[in-house]
Each structure stands twice: as structure tokens, then as C-alpha cells.
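Letters go in sequence order (proteins before strands), and every chain restarts at 1.
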Protein chains: 2
Amino acid sequence: MNPENSKCSCEQCKLKSLFFSHVTVNELTDICEIKEERSYSKGELIIKEGEKINDFLYMKEGLVKLSKTSFDGKDQIISFSKPFDFVSLLSIFSSENFRYSVTAVEDSVVCILDLEIVKNYARENALFTMDLMIRVSEVTDKIILDNLEIKRKHLKGRVAHVLLYFSEYIYNSDEFDLPVSRREIAEYIGMTTENVIRTLSEFRKDKIIKIFGKDILIVNKKRLEGISEFG
Amino acid sequence: MNPENSKCSCEQCKLKSLFFSHVTVNELTDICEIKEERSYSKGELIIKEGEKINDFLYMKEGLVKLSKTSFDGKDQIISFSKPFDFVSLLSIFSSENFRYSVTAVEDSVVCILDLEIVKNYARENALFTMDLMIRVSEVTDKIILDNLEIKRKHLKGRVAHVLLYFSEYIYNSDEFDLPVSRREIAEYIGMTTENVIRTLSEFRKDKIIKIFGKDILIVNKKRLEGISEFG
DNA sequence: ATTACCCTGTGACAATTATCATACTTTTAA
DNA sequence: TTAAAAGTATGATAATTGTCACAGGGTAAT
């Protein structure tokens, strides 16, 4: 490793194995040299819907949302992604342009590679491509299943679902800081902001959760799970 | 081509180019020899949710639905697929078992290959794998976008959306036989059967469509498009 | 420091959608 | 062929969700 890419630490990157497990050390060094790492603060736009796709992105740290704006200016949130849920993989092989926007909802770090270079690897290295496909498949499957799950629930069940999603899937804790506003929750579950707020208040009144602004504490998890499943 | 696989006509198959464009003639013959073609009547189950995935399937003819049954026995329809929208691709690389059921909603013909053999090709032939990935990406992107579209609409807009979907995307005609029941439309758009029926009746009363049982004629397409977009 | 804006919160009311009941027709199974 | 089951259809009513109005708190920009 020469001095000019001393910041290049792909070999130590915990994400390496995820989809570079079939890339040789030499190739990895090549990739490393061309890779760019960018940091985004909470709220910053990472990818804008409609932009031409030139880069291959993957997340190293943080949390982002995928969203789409409809003609009347209303946003819909498709999913949240943390590292390992590679967000940029959705459209890059089936479209010239990004179909969704990606925004940091927590401070995030993203690694960026030139898409053409990645595609060239993909065209030559079948195992690498296979790895990539498995990732694509996992991510999209998760999105489709999660959306189905939300779709079959009512307001309360949806809000409960989101709380459990953040608690269990994102933060692994009964107490966590909501990384999103009530409006964003509404955009995710397809309900109005007022109803999300009302439902959270109701959960608070029923002593299922405690609310301190953005900070949420799940007091009665069993109950919340019941509401998510049946309510 | 020897007599024992005279039924083998992959080389003439119009679907060949779709994802076998990077398979050699010899490989194609091999694939052809192991392939099995199965026919399903309208209503027949092709894949049952939860089954182990042993086969790689793709559609030659017909129309199928992807669906999932929730714990309380209610079905949700994820999407409809015609040939070129390869249905089996969704879970096969990310799961051991099928996550969705697939049912013929019109008489359908499916080609079946042993998944392990396809995976072996995929591990050796990067261009083939790349083709496959592009398909996976296209299909899932379509599903996600369509579900988002439906999600942001109300009852009438959703029903209008479905009618236009069948008219434009599936049948390319203003008149067509609905391949599904009112209940299935309801399961697709996430509303009740009664409300789907009521909405269709309303469209009929407003002279937007004509209904003769399953046969639908779109009389006022502009109006229907307006309802789909804004209603 | 002040304004403007967004977020949170609540209530009253309106609109939308679901549920239940019932009837008739068509399809399926015995 | 006949009975049972499923699909289509419509109305009345209940439940759910959305809209509008208003208010306080925080935050960013000037």
C-alpha cells in the first residue's frame, strides 16, 4: 500500500466480505484506489430521483431513507436502509436514472465507485456478480415483504410496526431516538401526520410507550407486538 | 438435434434471447435437454409459498399472480406477471424457500430448469449472470413502483389504475376479459371486495366503462386516466 | 431579537372505507 | 341434477381515516 492511498482501508472494511469476497487482492487494491468515501449529515440528500446513474454506492455507516416524490409534490418513503442493505443497488442495473431519492436520516458514510468499473468486474467475474445478485435479491425482497406487511394493517398496527422496526431491526433497543419526524413516519406507512401523532399519543396514554420528543421508550413490548400483529 | 429431444425447441423460443443471449449453442442444447415444460390451467397453483426452491422457472405463455397468505388466512396479491416478467426470480437467490405463491390466472406454460444447474452456469458465465441480474432488477423495480403508485391513491383511483393496467399493460386493448375476480382485485389494491364492485358499478353508471360479467370495455379512457391520476 | 417555518399536539367534523345483511346468479361438487 | 359454494351486486350503518383549524415550542435565517 503506497502512501497516497493510506486512507484506503478496504482490506479492513467489515463490509468487504459482503460482496467483495470473490475479488482478488489485486483487484481489491484497484477498487480501493478509485473509491471515494463521502460523509453526509442528517437530512442531506445523497441521491436525487431522476439523476443519471454514474456511481455504484454502498453504505458504510448511518441510516438513509429511500423516497419518491409524486407529481403533486408529496413524498412517499419506500424503505429505510442501514449498512448491509445496499441502497444503490435497486435501479442501477435496470435503469439509466435513479428512480428514487436517497436521503441521510442519520449522519452517514457512503463509499462510491465508478459504476462502469464495477460493471466491468461484473462482466468478467461471475462469482462477484452472483454475490451482487444475491444482495439485490435480498434487499428488494425485504422491501416488498415489509410493504406487504404494512399494507395489511390499520393505522395503529402500522405505527406499532414502525416502532418495532426501529426498536428491533435498526437499534436493537427498547429505547431509541426516532431518526425521523412524525411526517416521515406518515409518508412511510401511508397515513397522515396527524394520525401518526394521535396514535403515538394514544400509545403513551395507554402506557405502551413513553415519549420524550424524539426519544421513544417501549414500555409494554408484548402489547405493542399484539397491536402490530392484530390491531 | 436427436430424436429424443425433438420437443426441444429452445433455439426457436422467443424468450431465448432474453436471458440466454450469453449462453453458447452447446450449453443451450444441454439446458434444453434438462428443461421441462409444464402447462397449468387457470386457477392452478404453480408454486406454493414455503416450498423448497429446487427449480428455476420462467413463463412462456399466460398470466400468473404472485400472492402471500397472512396468518389469518387472508391473501394479498403482490403483482401479476406475464412472460418476460420472470416470476420465479424473486426469492431464488436470497432464500431457501419460496416466499410467495404463484397461481395461474390464465392458462399458462412454464419452463422449468433445475436450479442447481442454472446456478452452476451463473457461477461460470458472468454475462449470463449479469443478464439475470438485470431481469431481477427490472421485475422487482416494477413491483415496487407499482405498489407505491397504488398506495398513494384512493379507492376509485386504485380501481381505475387496475383497469388501465390490464387494458394497457396486459392486453393492449380497450376491451378485455378480466382474468381475475373482484375479490382478487381487492386483494391486489388492498380494499374490500364490496368496494371494488361498487366502484366498478359507479364507473358503469358514469358511462366510463361497460361491464358484461368479466368482460370490460373502456368507453371513456381519458376520464379513467384522470381518475387514476387524481381521483 | 424577531420573523418565519417546521414539528408536535389536540379537537371537531367531514370523507372515505369497512362491515353486515340480503339477494341473485354462476360455478363447482356430490 | 341438485345442492353447496363462490361470485356479483346493492343498501344501511359503523368504523376508520382525513381535513381543517388552531396553538405552542423549537430552530434557522435575517
Q: May I ask you to decide whether B:Glu225 forms a salt bridge with B:Arg223, counting only side-chain N to carboxylate O separations under 4.0 Å?
A: no
Q. Hey, where on DNA chain D does chain A first and last touch, going 5' to 3'? Cut-off is any atom under 4.0 Å from a heavy atom.
A. D:dT17 to D:dC20
Q: Report yes if a side-chain nitrogen or oxygen of A:Thr193 is closer than 4.0 Å to either non-bridging phosphate oxygen (OP1 or OP2) of C:dT8; otherwise report no.
A: no
Q.
If you count heavy atoms of other groups shown closer than 6.0 angstrom to NZ of A:Lys52, is the number above 12?
A. yes
Q) Rounded to the nearest Å, what distance is computed from the CZ atom of residue A:Phe203 to the C1' atom of nucleotide C:dG9? A) 16 Å
Q: Calculate the interatomic distance between B:Asn195 atom CG and C:dA15 atom P; express it in whole Å.
A: 17 Å
Q) What salt bridge (Lys or Arg N to Asp or Glu O under 4.0 Å) pairs are there with at least one residue in residues 180-196 of chain B, not counting sequence neighbours? A) B:Lys65-B:Glu184, B:Arg183-B:Glu187
(Q) Between A:Thr199 and A:Leu155, is there a side-chain heavy-atom distance shorter than 4.5 Å? (A) yes
Q: Check each residue of residues 148-159 of chain A for a non-hydrogen atom within less than 4.0 Å of any atom in DNA chain D, then write out the ones that pass by number, or none.
A: A:His154, A:Leu155
Q | Atom-pair distance (CZ on B:Arg198; P on C:dA18), nearest Å | A | 10 Å
**Q.** NZ (A:Lys214) with more than 12 external heavy atoms under 6.0 Å
**A.** yes
Q) Does a sphere of radius 6.0 Å around CD in B:Glu96 hold more than 12 heavy atoms from other residues, nucleotides or ligands, not counting ones at 6.0 Å or beyond? A) no
Q | Nearest-Å distance for atom pair CD1/P, residues B:Ile197 and C:dT25 | A | 15 Å
Q | side chain to side chain contact (heavy atoms under 4.5 Å, CB included), paired with B:Ser228, selected from B:Arg158, B:Lys156, B:Lys153, B:Glu149 | A | B:Lys153
Q: Please determine if B:Arg99 and B:Glu49 form a salt bridge, counting it only when a charged side-chain N lies under 4.0 Å from a carboxylate O.
A: no
Q. Could you state the CG-P distance from A:Leu178 to C:dG9, rounded to the nearest angstrom?
A. 10 Å
Q) Is B:Glu138 salt-bridged to B:Arg135, going by a charged N under 4.0 Å from an acidic O? A) yes
**Q.** A:Asp75/A:Lys68 ion pair, N-O < 4.0 Å
**A.** no
Q. Does A:Phe71 have its ring centroid less than 6.0 Å away from the ring centroid of B:Phe230?
A. yes
Q.
Output the rounded distance in Å from CD (B:Glu194) to C1' (C:dA23).
A. 14 Å
Q. Would you call A:Ile189 and A:Val159 a side-chain contact if the rule is heavy atoms closer than 4.5 Å?
A. yes
**Q.** Short side-chain N/O contact to C:dT8 OP1/OP2 from A:Arg182, under 4.0 Å
**A.** yes
Q.
Between the opening five pairs and the closing five pairs of the helix from C:dA1-D:dT30 to C:dA30-D:dT1, how far apart are the helix axes, to 10°?
A. 50°
Q | Exceeds 12 heavy-atom contacts within 6.0 angstrom, atom NZ of B:Lys42 | A | yes
Q) What integer distance in Å separates A:Lys42:NZ from C:dC6:P? A) 17 Å
Q.
Applying ring-ring contact (aromatic ring centres under 6.0 Å, His included), can you list everything that pairs with B:Tyr165, at least two apart in sequence or on another chain?
A. B:Tyr169
Q. Going by number, which of residues 65-75 of chain B have a non-hydrogen atom under 4.0 Å from DNA chain D?
A. none
Q. Using a cut-off of 4.0 Å on non-hydrogen atoms, how would the nucleic acid contact of B:Arg183 be classed: base, sugar-phosphate, or nothing?
A. sugar-phosphate
